[in-house]
A.B. asks: 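Let me give you the structure first, and then I'll get to my questions.
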2 protein chains.
Amino acid sequence: MNVSIGRAAPHPGRRGRRLSRRLRRGDLLAAACPSREILRHLTSRWGVLVLMVLEGGTHRFAQLRRTVGGVSERMLAQTLQWLEGDGLVLRVALDVVPPHVEYSLTPLGREAARKVRSLADWIEVNLHRVEAARNARSG
Amino acid sequence: MNVSIGRAAPHPGRRGRRLSRRLRRGDLLAAACPSREILRHLTSRWGVLVLMVLEGGTHRFAQLRRTVGGVSERMLAQTLQWLEGDGLVLRVALDVVPPHVEYSLTPLGREAARKVRSLADWIEVNLHRVEAARNARSG
DNA sequence: GGAAGTACCAACATGAATGTTAGTATAGGC
DNA sequence: GCCTATACTAACATTCATGTTGGTACTTCC
C-alpha cells in the first residue's frame with residue numbers, strides 16, 4: 001500500500017492530480033517540483049539561521065554577520081539574495097555613504113521563519129536527547 | 001541593542017548562560033554548537049523528504065527509494081545512517097535472504113518529522129506565492 | 001596619516017555533498 | 001539459464017556550496 005508507481009515522474013500518484021488542480025500545491029516528493037529549490041534555500045546551511053535572526057527584527061548586513069556565528073560575507077550575501085529572490089526577505093538600501101542596508105522579513109518570510117524556528121528550537125531543546133542516543137549506540 | 005560581541009565565540013550573549021545551565025539547550029547561532037550537525041542532517045537534501053515519508057509509516061529501503069523522487073541508493077543509505085545515528089530512525093534488519101530491512105521513526109524521530117513536515121507542507125502550499133514574488137521581481 | 005568600518009562583488013581555491021558504476025549472495029519467476 | 005529483486009558498500013567522478021582573498025569609495029576615529 002502507498003507505493004507510488006512512476007519512479008522519477010513529475011507527479012507520483014500520491015495525492016497529486018485532484019488536489020494540484022484545485023490548489024496548485026507543490027509536491028516535494030517529485031524530483032522535478034520547483035518546491036525543491038525553495039526547500040534548498042530555506043534549509044541551506046545559513047538560510048535557517050538568517051531567518052531565525054531576522055524574525056527577531058530588522059538587521060543590517062554586518063550585524064547579521066556578527067550574530068550568525070561562522071558565516072562568511074560571501075555566503076551571507078548569497079543566502080540573503082536567495083531569500084530575497086524567493087520573496088522572503090526585504091532589502092532596503094539607503095543611498096548614503098558609507099552604505100546602509102536593512103534586511104527584514106516580508107509577511108511571507110515571517111511565516112516561513114516561524115516554521116524554521118520551530119524546527120531549530122526543537123533541535124536546540126532536544127540536543128541532549130540526540131546525544132544520548134549517540135552515546136547509547138557507540139557504547 | 002541585541003548585538004553580540006564575540007565573533008565566533010562558542011556562546012554569544014543571546015540568552016545563553018542561565019538557560020543553558022538549566023536545560024543544556026543548544027545554541028544554533030554559535031558556530032561550534034553540536035546542534036549544527038543535527039540541523040545539517042535534518043535539513044540535508046534528502047533528510048527532510050525521508051522523514052516525511054517515514055512519518056507515513058514503516059518503509060523498506062527500495063520502497064523509500066521509489067517514493068522519494070530522484071534519490072540515489074548511495075545517498076538514501078547515507079541519509080538513513082545519519083538519521084539512525086542521531087536516534088531519529090530505527091533500522092530493523094531481518095536476517096533472511098534476500099535481505100529485508102525495515103525503517104521507521106523513533107519517538108524522537110516522530111517529533112522531528114512533525115516539525116520538518118510542517119515546513120515542507122508550508123512550502124508546498126505557498127509555492128505559488130513564492131513564484132508570484134519571483135515574477136514580480138523579474139517580470 | 002593610518003586604521004577601521006560599511007556592504008558588498010569578482011576571482012580563485014577547496015571541500016563536502018552528491019552522483020555513477022560495479023559488485024555482493026541468494027531467491028524466485030519465466 | 002537469465003533476469004530481476006533485495007539492501008547495501010567501495011571506488012571513483014563531479015558538482016555545488018562554501019571559504020579566502022583582494023578590491024571598492026567614502027567616512028570617522030585615533
Side-chain angles (χ1 to χ4, degrees), chain A residues 3-5 7-8 28 31-32 36-50 53-54 58-86 89-104, chain B residues 3-5 7-8 28 31-32 36-50 53-54 58-86 89-104:
Chain A
V3 183
S4 63
I5 301 154
R7 52 181 57 201
L28 278 167
R36 288 269 177 104
E37 199 190 342
I38 307 174
L39 181 66
R40 274 218 319 280
H41 295 166
L42 282 177
T43 62
S44 70
R45 178 161 181 193
W46 307 113
V48 176
L49 305 179
V50 165
V53 172
L54 286 185
T58 298
H59 282 67
R60 297 180 59 178
F61 186 87
Q63 196 180 7
L64 273 171
R65 174 145 153 72
R66 279 187 297 260
T67 306
V68 177
V71 71
S72 67
E73 293 192 351
R74 178 177 177 351
M75 285 319 298
L76 181 54
Q78 172 80 275
T79 303
L80 285 167
Q81 282 166 13
W82 283 336
L83 299 176
E84 193 198 353
D86 289 347
V89 161
L90 182 68
R91 187 192 117 110
V92 177
L94 312 182
D95 192 14
V96 294
V97 160
H100 182 120
V101 182
E102 297 188 334
Y103 291 95
S104 56
Chain B
V3 183
S4 62
I5 302 154
R7 53 183 56 201
L28 278 167
R36 287 269 177 103
E37 198 190 342
I38 306 173
L39 182 65
R40 272 217 320 280
H41 295 167
L42 281 178
T43 63
S44 70
R45 178 160 183 194
W46 307 112
V48 176
L49 304 179
V50 166
V53 172
L54 286 185
T58 298
H59 283 67
R60 297 179 61 178
F61 187 87
Q63 196 180 7
L64 273 172
R65 174 145 155 70
R66 280 187 296 261
T67 306
V68 177
V71 70
S72 67
E73 293 192 352
R74 177 176 175 352
M75 285 318 298
L76 181 55
Q78 172 81 273
T79 302
L80 285 168
Q81 282 166 12
W82 281 337
L83 298 177
E84 192 196 355
D86 289 346
V89 161
L90 182 68
R91 188 191 115 111
V92 177
L94 312 182
D95 192 13
V96 293
V97 160
H100 183 120
V101 181
E102 296 189 336
Y103 290 96
S104 56

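Remember, predicted model here, so these are calculated numbers, not experimental data. A note on names: the letters A, B, ... follow the listed sequences, proteins ahead of strands, and every chain is numbered from 1.
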A.B. asks: With sequence neighbours excluded, tell me which residues meet side-chain contact (heavy atoms from CB on, under 4.5 Å) with Leu39(A).
C.D. replies: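 Listed in chain order: Leu28(A), Thr43(A), Val48(B), Leu49(B), Ile123(B).
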A.B. asks: Tell me, please, which residues at least two apart from Arg60(A) pass side-chain hydrogen bond (donor to acceptor under 3.5 Å, both in side chains).
C.D. replies: His100(A)
A.B. asks: Could you tell me the separation between the CG atom of Leu76(B) and the P atom of dG19(C), rounded to a whole number of Å?
C.D. replies: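 Leu76(B) atom CG is separated from dG19(C) atom P by 11 Å.
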A.B. asks: Measure from CG on Asp95(B) to C1' on dA25(C) and round the result to the nearest Å.
C.D. replies: 12 Å
A.B. asks: Please list, pair by pair, any protein nitrogen or oxygen found under 3.5 Å from a nitrogen or oxygen in nucleotides 16-23 of chain D.
C.D. replies:
unit_1: dT18(D); atom_1: OP1; unit_2: Arg45(A); atom_2: N; d: 3.4
unit_1: dT18(D); atom_1: O4; unit_2: Arg74(A); atom_2: NH2; d: 3.2
unit_1: dG19(D); atom_1: OP2; unit_2: Ser72(A); atom_2: OG; d: 3.4
unit_1: dG19(D); atom_1: O6; unit_2: Arg74(A); atom_2: NE; d: 2.6

A.B. asks: Report the residues that fulfil side-chain contact (heavy atoms from CB on, under 4.5 Å) with Gln78(A), sequence neighbours left out, ordered by chain and then residue number.
C.D. replies: Arg74(A), Met75(A), Gln81(A), Trp82(A)
A.B. asks: Could you give the CD-to-C1' distance, from Gln81(B) to dT9(D), as a whole number of Å?
C.D. replies: 9 Å
A.B. asks: Going by salt bridge (Lys or Arg N to Asp or Glu O under 4.0 Å), name the residues that satisfy it together with Glu102(A), two or more places apart in sequence or in a different chain.
C.D. replies: none
A.B. asks: Whole Å only: how far is the CD atom of Glu102(B) from the P atom of dC8(D)?
C.D. replies: 12 Å
A.B. asks: To the side chain of Val97(B), which of dT6(D), dC8(D), dA27(C) is closest?
C.D. replies: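 So the side chain of Val97(B) is nearest to dA27(C).
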A.B. asks: For Leu94(A) and dA7(C), give me the distance from atom CG to atom P, rounded to whole Å.
C.D. replies: 10 Å
A.B. asks: Kindly write out the residues that satisfy ring-ring contact (aromatic ring centres under 6.0 Å, His included) with Trp46(A), not counting sequence neighbours, or none if the list is empty.
C.D. replies: none
A.B. asks: Which nucleotide in the list dC8(D), dA27(C), dA7(C) gets nearest to the side chain of Pro98(B)?
C.D. replies: dA27(C)
A.B. asks: Give a yes/no answer on whether the side chain of Arg60(B) brings an N or O atom under 4.0 Å of OP1 or OP2 in dT6(D).
C.D. replies: no
A.B. asks: Between His41(A) and Leu83(A), what is the shortest heavy-atom contact and its length?
C.D. replies: O-CD2, 4.3 Å
A.B. asks: OP1 or OP2 of dA5(D) versus the side-chain N and O atoms of Arg66(B): is any pair under 4.0 Å?
C.D. replies: no
A.B. asks: In whole angstroms, how far is the P atom of dA7(C) from the NE2 atom of His100(A)?
C.D. replies: 7 Å
